[in-house]
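The structure appears below as structure tokens.
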Amino acid sequence: MNLKDYIRSIPNYPKKGILFRDITTLIKDEKAFAETINQIVKKSKKFKVDKIAAIESRGFVFASAVSYLLKKPFIMLRKKNKLPAETFSVDFELEYGTATIEVHKDSIEQNDSVLIIDDLIATGGTAEAAAKLVEMSGGNVSAFIFAINLFDLNGSDNLAKKGYHVENLMDFPGH
Ligand SMILES: O=P(O)(O)OC[C@H]1O[C@H](OP(=O)(O)OP(=O)(O)O)[C@H](O)[C@@H]1O
Ligand SMILES: Nc1ncnc2[nH]cnc12
């Protein structure tokens with residue numbers, strides 16, 4: 001099965017010049033969804049993983065299934081003002097705007113090895129903010145796993161250059 005066949009590409013969404021890579025067409029096919037989760041689980045075996053963290057909202061779709069299969073705790077990295085208790089907070093830039101993500105201060109313990117999962121990496125701004133949240137919490141990023149890498153936006157390569165382990169299931173151009 002070629003997972004790339006299940007990704008729908010929509011030009012000029014949400015802004016002119018963005019080629020949107022849509023995962024809804026992958027997750028509505030139960031075999032493609034299961035294959036995606038299995039491939040992420042397989043890639044995760046190379047790394048020490050105490051906890052899994054994922055980025056709202058599309059990241060949750062994949063990461064919670066992986067967390068269930070690996071029997072590891074699941075940590076939500078959420079958009080601003082969604083988490084009810086005390087948080088660490090990081091502002092960052094997106095391919096199409098700016099944003100803030102937060103994590104509860106008591107989600108990650110000192111020296112936890114945290115696997116960060118998201119559906120897609122573009123510029124890498126979101127992923128770097130996620131890494132900062134893990135590190136501010138006292139944890140270490142054991143690796144990043146993305147279903148889709150928009151390779152011409154260089155986010156994945158930039159994370160690797162910074163010394164992070166990065167795994168991608170599918171490569172697409174972002175434009
Ligand atoms: O590498 P970057 O340039 O930072 O972009 C990647 C991020 O953008 C998308 O999320 P989005 O903010 O659109 O939110 P959503 O998951 O709630 O749709 C995607 O799910 C990644 O989290
Ligand atoms: N081109 C793109 N397609 C889907 N999600 C994205 N998130 C950031 N850039 C994206």
Side-chain angles (χ1 to χ4, degrees), residues 3-29 32-33 36-37 39-40 43-44 51-67 74-83 87-104 107-108 114-136 141-175:
L3 293 179
K4 289 181 76 170
D5 295 342
Y6 292 85
I7 300 298
R8 173 165 57 186
S9 297
I10 301 183
N12 302 317
Y13 180 88
K15 277 189 178 168
K16 202 168 179 343
I18 304 282
L19 181 51
F20 194 86
R21 304 297 184 174
D22 178 19
I23 58 156
T24 66
T25 41
L26 181 145
I27 63 177
K28 77 172 184 170
D29 184 289
F33 187 26
T36 307
I37 299 303
Q39 288 191 18
I40 295 173
K43 288 195 181 287
S44 76
K51 291 182 178 168
I52 291 172
I55 304 158
E56 181 177 359
S57 57
R58 282 175 271 158
F60 292 172
V61 175
F62 298 100
S64 64
V66 172
S67 167
F74 182 66
I75 309 300
M76 294 199 289
L77 309 180
R78 295 212 63 185
K79 302 205 166 137
K80 201 179 169 69
N81 297 328
K82 297 282 187 183
L83 290 170
T87 57
F88 294 117
S89 187
V90 174
D91 299 323
F92 64 101
E93 285 185 15
L94 274 173
E95 194 186 356
Y96 40 78
T98 60
T100 303
I101 53 169
E102 300 183 327
V103 69
H104 273 149
S107 284
I108 295 166
V114 180
L115 171 65
I116 299 175
I117 294 177
D118 205 356
D119 68 313
L120 178 146
I121 182 162
T123 63
T126 308
E128 283 187 35
K132 267 190 210 155
L133 284 180
V134 168
E135 289 158 3
M136 283 164 84
V141 177
S142 53
F144 291 92
I145 304 180
F146 302 99
I148 297 172
N149 171 30
L150 302 186
F151 60 83
D152 51 346
L153 295 171
N154 295 321
S156 182
D157 286 350
N158 288 337
L159 289 178
K161 279 186 198 139
K162 290 188 171 157
Y164 293 108
H165 296 289
V166 189
E167 301 281 341
N168 308 302
L169 304 188
M170 295 169 257
D171 289 304
F172 283 98
H175 295 105

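Every number for a ligand or one of its atoms is a count from 1 in the order of the listing.
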Nearest heavy-atom approach of S9 to L19 is CB-CD1, 4.1 Å

With heavy-atom distances below 4.0 Å as the criterion, list the atoms of ligand 1 near E56. 16 (O), 17 (O)

Would one find more than 12 heavy atoms of other residues, nucleotides or ligands at under 6.0 Å from atom CE of M76? no

With respect to F20, determine whether any N or O atom, backbone or side chain, lies less than 3.5 Å from an N or O atom of ligand 2. no

Check each heavy atom of T123 against ligand 1 and say whether those closer than 4.0 Å belong to the side chain, the backbone, both or neither. both

Within-shell test, G124 vs ligand 1, heavy atom, strictly < 4.0 Å: yes

I101, D119, L77: member with heavy atom nearest to atom 19 (C) of ligand 1: D119

Selection from K79, R58, R78 by shortest heavy-atom distance to atom 12 (O) of ligand 1: K79

Does S156 have any side-chain hydrogen bond (donor to acceptor under 3.5 Å, both in side chains) partners at least two apart in sequence or in another chain, and if so, which? N168

Of all residues at least two apart in sequence or in a different chain, which pass the side-chain hydrogen bond (donor to acceptor under 3.5 Å, both in side chains) check with D91? T100

Would you find a donor on one side and an acceptor on the other, under 3.5 Å apart, between the side chain of [X] and the backbone of [Y]?
X: D152; Y: G174; answer: yes
X: S64; Y: F60; answer: yes
X: K51; Y: S107; answer: yes
X: R8; Y: L26; answer: no

Taking both backbone and side-chain atoms of [X], is any N or O found less than 3.5 Å from an N or O belonging to ligand 1?
X: T126; result: yes
X: A122; result: yes
X: A127; result: no

Per-atom contacts of ligand 2 with [X], taking only distances under 4.0 Å to non-hydrogen atoms:
X: A122; result: 8 (C), 9 (N)
X: R58; result: 4 (C), 5 (N)
X: L19; result: 1 (N), 2 (C), 3 (N)

So which bit of L150 gets within less than 4.0 Å of ligand 2, heavy atoms only: side chain, backbone, both or neither? side chain

Proximity to ligand 2 by part of I18, non-hydrogen separation under 4.0 Å: side chain

Evaluate the side-chain proximity of L115 to I117: yes if any heavy-atom separation is below 4.5 Å, no if none is. yes

